[in-house]
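Let me begin by presenting the structure, written as structure tokens, before commenting on it.
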Amino acid sequence: METYRTIHSSYDVEHIRKDFPILHTKVNNKSLVYFDNAASTQKPLSVISALQEYYTTFNANIHRGIHTLAERATHEFETTREEVRKFINASAREEIIFTRGTTESINLVASSWGRAFLKPGDEILLSAMEHHSNMVPWFIVARQQHANVKIIPINQQGEVILEEYEKLLSEKVKIVSIVHASNSLGTVNPIKKIIERAHQHGAVVVVDGAQSTSHLHIDVQHLDADFFAFSGHKIYGPTGIGVLYGKKHLLEAMPPYQGGGEMIGEVTYQGFTTNELPYKFEAGTPNIADAVVLKHAIRYINTIGKDNIQRHENELLQYATEKISEISGVKIIGQAKEKISILAFTVEGVHHQDIGILLDKEGIAIRTGHHCTQPLMQRYGIAGTNRASFALYNTKSEVDYFMQALHKAIRMLR
Ligand code: C6P
């Protein structure tokens, strides 16, 4: 048993693993080693059983009915909103909007804020390490508004070059949309500093928190982020639910993203008025079940503690980085000083997909390919990488097993 002593509590990874039934399944007759956490994390029993509880005891539509089930469902839905607010330290519940995930959250801002406020010749700054979800929505709105997208370059380690960022900042820049932690490199960006500098030029900042939220403390007020997006399924919660945080005055100034039920104040044959925040941006029946359940994922993370999670994951990352560096021909892609637990690498002369297939035969799940960051792969002159990403339930012995399997795969493929 691996136990990590910390000041406040002990980190008993074997105990934690018992909370995740899927970790005890076999894949290809081997014990599952799940290292694809950056794509989606596994779910603890508390989340799984909360979903069952919802559908078996209080499934109903919300904000509409006055019957007991509707009131319970509404209460549970709104309780999650409050727990999300605390989780990221937003100042008001009106600033928490439920979406399908990070992708929809960013599309909401790009579409609503972008179409309302971007003018021809305005500039949108993105970094060279953005996920397609934080590029394509901006390309779409840039085309519509005749605005220009500019890219903040990164160095070979995978860090934003702050001097280049400074050079790009001007009064033309209206939006800086940037990832907090990169899914392909693991880099943690100096987001507070980036926001501070953008604000000095009057730009609004959108933070893609898809990868950071399960690993790092998130305090949107401390960061002074204007918008912050994340997905439930990457923080041990369900798929199909995510969050957009937005500062109240910005959300108030934005037109609705979609029209339909819930987002209206009043509708006549002539038109409509909008509902108050956050409902203005929650058209139609939302994903009630998964929103209700999301708070159980947050509670799970809080029970273990972000400091403990970070410490554990950093140990795994360091250990795996050392071990993999011993293998000849392996090149780590993403060597920033500050990283979340993502280890991406290429192997000389071996295609990443072949490695992924052989590891899968050993029960090991990693992700291979461009990780929805094609421009970043072009920046490095590669087609893709192998990516192992660690979560709170992974162990050093899994890393050892992974290294053995990787050695074996490389021997077979060379
Ligand atoms: N990255 C990965 O394997 P959604 O799909 O909306 O939950 O998240 C999109 C997204 C946005 N930004 C970043 C930084 C991300 O990592 C992701 C999702 C997954 O890396 C799937 S491509």
Side-chain angles (χ1 to χ4, degrees), residues 34-43 84 97-111 126-140 151-152 154 158-160 176-189 191 194 205-216 218 225 227-245 257 287 290-291 293-294 297 333-334 336 338-345 352-353 356 360 365-377 379 384-391:
Y34 189 76
F35 282 171
D36 195 17
N37 296 288
S40 199
T41 52
Q42 299 302 345
K43 321 303 171 200
V84 168
I97 292 158
F98 287 120
T99 63
R100 282 191 297 131
T102 308
T103 302
E104 189 176 38
S105 298
I106 297 172
N107 273 280
L108 192 163
V109 182
S111 170
L126 311 174
S127 86
M129 66 178 86
E130 297 312 315
H131 188 278
H132 297 164
S133 292
N134 196 26
M135 297 195 92
V136 181
W138 298 110
F139 285 133
I140 293 172
I151 302 297
I152 312 161
I154 57 170
E159 294 160 325
V160 160
V176 177
S177 193
I178 188 155
V179 73
H180 194 178
S182 158
N183 66 317
S184 293
L185 305 168
T187 310
V188 177
N189 281 318
I191 216 74
I194 287 169
V205 184
V206 182
V207 181
D208 173 351
Q211 294 296 339
S212 60
T213 307
S214 69
H215 304 280
L216 310 174
I218 307 296
F227 295 99
F228 189 95
F230 68 93
S231 304
H233 72 99
K234 291 190 199 287
I235 65 160
Y236 309 98
T239 51
I241 188 75
V243 169
L244 174 67
Y245 158 81
Y257 169 56
N287 183 350
D290 296 310
V293 168
L294 181 61
I333 306 295
E338 277 228 45
K339 279 181 71 172
I340 53 165
S341 48
I342 282 178
L343 181 62
F345 59 95
H352 47 79
Q353 211 167 335
D360 179 56
I366 62 161
R367 192 172 164 193
T368 58
H370 55 64
H371 315 293
C372 299
T373 53
Q374 282 179 346
L376 180 67
M377 297 298 125
R379 154 71 182 76
T385 65
N386 304 277
R387 184 188 70 183
S389 48
F390 311 119

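For ligands, and for the atoms within them, numbers begin at 1 and follow the listed sequence.
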Taking atom 16 (O) of ligand 1 as the reference point, the nearest protein heavy atom with its distance: Gln211 NE2, 2.7 Å

side-chain contact (heavy atoms from CB on, under 4.5 Å), paired with Ser177, selected from Leu126, Val207, Asp208: Leu126

Best match, His371, Arg100, His180, Lys234: closest heavy atom to atom 1 (N) of ligand 1: Lys234

Side chain, backbone, both or neither: Met129 near ligand 1, heavy atoms under 4.0 Å: neither

Close side-chain approach of Met129 to Val160, heavy-atom, < 4.5 Å: yes

Residue pair Leu376 / Ile154, side-chain heavy-atom distance below 4.5 Å: yes

Option set Glu104, Arg367, His131, criterion heavy-atom distance to atom 10 (C) of ligand 1, minimum: His131

Polar proximity ligand 1 side, Ser133 side, N/O cut 3.5 Å exclusive: no

Atom indices of ligand 1, in the order listed, that fall short of 4.0 Å to a heavy atom of Cys372: 22 (S)

Region of Ala38 engaging ligand 1 - heavy atom pairs below 4.0 Å: backbone

Non-hydrogen atom of Arg387 closer than 4.0 Å to ligand 1: yes

Within reach of ligand 1, part of Asp208 (heavy-atom separation under 4.0 Å): side chain

For Ser231, the ligand 1 atoms whose distance to one of its heavy atoms is below 4.0 Å: 4 (P), 6 (O), 7 (O), 8 (O)

Atoms in ligand 1 flagged as close to Val179, the criterion being non-hydrogen separation under 4.0 Å: 14 (C)

Donor-acceptor under 3.5 Å (Gln211 side chain, Ala38 main chain): yes

Partner of Ile106 under side-chain contact (heavy atoms from CB on, under 4.5 Å), chosen from Thr102, Leu108, Thr103, Val109: Thr102

Working for side-chain hydrogen bond (donor to acceptor under 3.5 Å, both in side chains), residues Ser184 and His371: CA-CA 6 Å; Ser184 293; His371 315 293; 5.3 Å; no

Aromatic centroids of His215 and His180 separated by under 6.0 Å: no

Proximity to ligand 1 by part of Thr103, non-hydrogen separation under 4.0 Å: both

Heavy-atom neighbours of Arg100 CZ exceed 12 at 6.0 Å: no

